Amino acid sequence: SSDDLTEIENTIKANFAKPNPDYFGKAKGMNVIYVSLESLQSFIIDYKLDGQEVTPFLNSLARTGEAFYFDNFFHQTGQGKTSDAEFMMENSLYPLSQGSVFINKAQNTYQSGPAILKSRDYTSATFHGNYKTFWNRNEVYRAFGIDHFFDATYYNMSNENVKNYGMKDEPFLKESMPLLESLPQPFYSKFILLSNHFPFAMDEGDTDFPAGDFGDKVVNQYFQSAHYMDQALEQFFNDLKADGLYDNSVIVMYGDHYGISENHNDAMAQVTGEEITPFKNAQLQRVPLFIHVPGMQGKTIHKYSGQVDVMPTVLHLLGVNTNDYLQIGNDIFSSEYKELVPFRNGDFVTPEVTQVNGNCYSTDTGEELDVQACESPDQITKEKLEISDRIVTKDLLRFYKPEGFVPINPDDYQYNNAR
Ligand code: GP9
Ligand code: MN
C-alpha cells in the first residue's frame, strides 16, 4: 500500500549516501559495459599456481590502476545464482530468500538501471551464449526495459564453441563484437560469461595452463577454467581498444557468485593454506569487482561492499543522481558510504565483525566474539533485507513515480531469435 511505500521511502532516503564530487559525472554520456564473470571468486586474484599467475590480465588491471579494483567486495546471491546477481546489478534490490526473483517476480514493475538511462537516450542490450528462456530472462528483461537480447541463437553454437550451458567465453566475446558495434551510442550493455561454470572441465586444446594438484577434480580444473576466462577478457579489451569503444565506455566486471562450494573445503584448505571454518567460508564469498573509467586513474578500494551497491555507484559515475529512486545499496565512492554487507541469509560482514549462522566473529582475527558485538549490524541487516523484500514481494514500485522517470511498459519489448 502507499503507507508501506512512504515508510520505505523515508528509510531509504535517510540512508542515502550523497555522490562524491570527485567521481560524480566523470563518465557522463559514456557507454556502459557490464561483464558477469561466471563463478569467479577473489581468492584467484593474484593467486599463483606453480609460480604462474592464474589471472594475469585481471591482476594487471588492478596493479596498474587501469581499473578500480574492489578487494573486499562480496556476492549477495541466493538460489537464483547468476540471475540474482544480475537482479542486484540492475535494480539495487535484494533477490528473494527462496527461489529466483527472475522466475517468480518477472511481472513486477521495476525502475532498473537500463530503464533510468533510457530517458537519457541510452540503448540497452544483453549478450549471453545460452538460450533466452534460461532463468526466465526473456520475460524479466522486458520489465527492466532492455531493448535487445542477443542470446544463443545469435552465435555459432557449433561443438567446438560450446561447453555445458553454452558458448565458451572466447568465441562468445569475439562474435559479440560486431553486434556491440551495431548498437547506437550511448549504450548500456551486459555480457554474461559462461564457460567458468561448475564443474569447470576444459576441452582438449582450450588451455595450456596447468590444473591444480589439490586432490579434487573440480578445484583443480577451476584454475584452468579461470585462466581461460582471463585470456578471453584480455582479448575482449584488445578488441574494444581496436574499435575505439574502450575510450568512451565504463567497463564493470563482477564475479556473480561462488564457484567452489563447501563440498570442497578440504581442497580449499590446501589452496588457501588455512582450514575452512564457517568464518573462513564467509570470507571466501568475496568476488572480484573491477570498474574501468576512461580518463580516471584506478586504484584498489578496500571498502567492504556488495552487489547491491554497484548500480548507484555506476549511475553516479554517469552523472545520474539516484536519490529519487528506491535503491537499497549505496555509492561505494561516497564519503557517506557505510561498510556493511548483508548476505541473503541474514548473516553479514563488516570490516570489524562477521556473522555466520548467527555466531559473531572478529573479521580481522576470526576469533569468536560475544553476540553483542554483532547486534547493531544485525539490526541494520534485517532492516535492509526486510525493506527490499517488501518492495519486491508486494510489487511496490508500481505505486512509486520518481520524477523524470518514464515507466517501462513490458509490452513494448520482445526478443526475437536470430534464426
Ligand atoms: C546460464 C548461466 C549460468 O544461462 O547464467 O547460470 P548459473 O547456474 O550460474 O546460475
Ligand atoms: Mn553463475
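Note that the coordinates shown come from a computational prediction; the quantities given were computed from them, not determined experimentally. Remember, it's 1-based here, ligands and their atoms both numbered in the order they're listed.
Paired with Met229 under the rule side chain to side chain contact (heavy atoms under 4.5 Å, CB included), one option of Asn196, Thr55, Val35 passes, and it is Asn196. For the side chain to side chain donor-acceptor pair (under 3.5 Å) with Tyr304, the lone residue among Glu339, Glu352, Lys338, Arg286 that qualifies is Arg286. Of the residues listed (Pro294, Ser249, Pro186), the one engaging Met30 in a side chain to side chain contact (heavy atoms under 4.5 Å, CB included) is Pro294, and it is the only one.
Using a 4.0 angstrom heavy-atom cutoff, Phe198 does not count as in contact with ligand 1.
Among the backbone and side-chain atoms of Ser36, none of the N, O or S atoms lies under 2.8 Å from the Mn ion (ligand 2). Not one N/O/S atom of His197, from backbone or side chain, sits under 2.8 Å from the Mn ion (ligand 2).
No side-chain donor-acceptor contact under 3.5 Å links Thr207 and His227. His197 and Asn164 share no donor-acceptor pair across their side chains, judged by distance under 3.5 Å alone. Looking only at atom types and distance, the side chain of Asp309 has a donor-acceptor partner in the side chain of Tyr337 under 3.5 Å away.
Contact record, Ile192 with His128: O-ND1, 3.0 Å, taken as the closest heavy-atom pair. Minimum heavy-atom separation, Pro342 to Tyr94: CG-OH, 3.2 Å.
Not a single N or O atom of Ser83, backbone or side chain, sits closer than 3.5 Å to an N or O atom of ligand 1. The shortest N or O to N or O distance between Lys81 and ligand 1 is not below 3.5 Å. In terms of polar-atom proximity, His128 is counted as a contact of ligand 1, with an N or O under 3.5 Å from an N or O of the ligand.
The Mn ion (ligand 2) is closest to atom OD2 of Asp256 (considering only N, O or S atoms).
The existence of a salt bridge linking Asp206 and Lys168 is confirmed by a sub-4.0 Å separation between a basic side-chain nitrogen and an acidic carboxylate oxygen. Between Asp247 and Lys241, none of the side-chain N atoms (NZ, or NE/NH1/NH2) sits under 4.0 Å from a carboxylate O, so this pair counts as no salt bridge. The pair Asp389-Arg344 counts as a salt bridge, with a side-chain nitrogen and a carboxylate oxygen less than 4.0 angstrom apart.
Here the heavy atom of the protein found nearest to atom 5 (O) of ligand 1 is Arg137 NH2, 2.8 Å. Nearest protein neighbour of atom 8 (O) of ligand 1, counting heavy atoms only, is His197 NE2, 2.8 Å. Closest to atom 2 (C) of ligand 1, if we only count protein heavy atoms, is Leu194 CD1, 3.4 Å.
Atoms of ligand 1 lying under 4.0 Å from at least one heavy atom of Trp135, given by number and element, are 6 (O), 7 (P), 10 (O). Here is the list of ligand 1 atoms found below 4.0 Å of a heavy atom in Glu38: 3 (C), 9 (O). Atoms of ligand 1 lying under 4.0 Å from at least one heavy atom of Phe134, given by number and element, are 1 (C), 4 (O). Those atoms of ligand 1 that come under 4.0 Å of a heavy atom in His257, given as number and element, are 9 (O).
Within the 4.0 Å heavy-atom criterion, neither part of Lys132 lies near ligand 1.
Considering the Mn ion (ligand 2) as centre, the angle to OE1 of Glu38 and to NE2 of His257 is 150° (10° rounding).
Of the candidates Asn130, Asp151, Thr82, Leu193, the one placing a heavy atom closest to atom 6 (O) of ligand 1 is Thr82.
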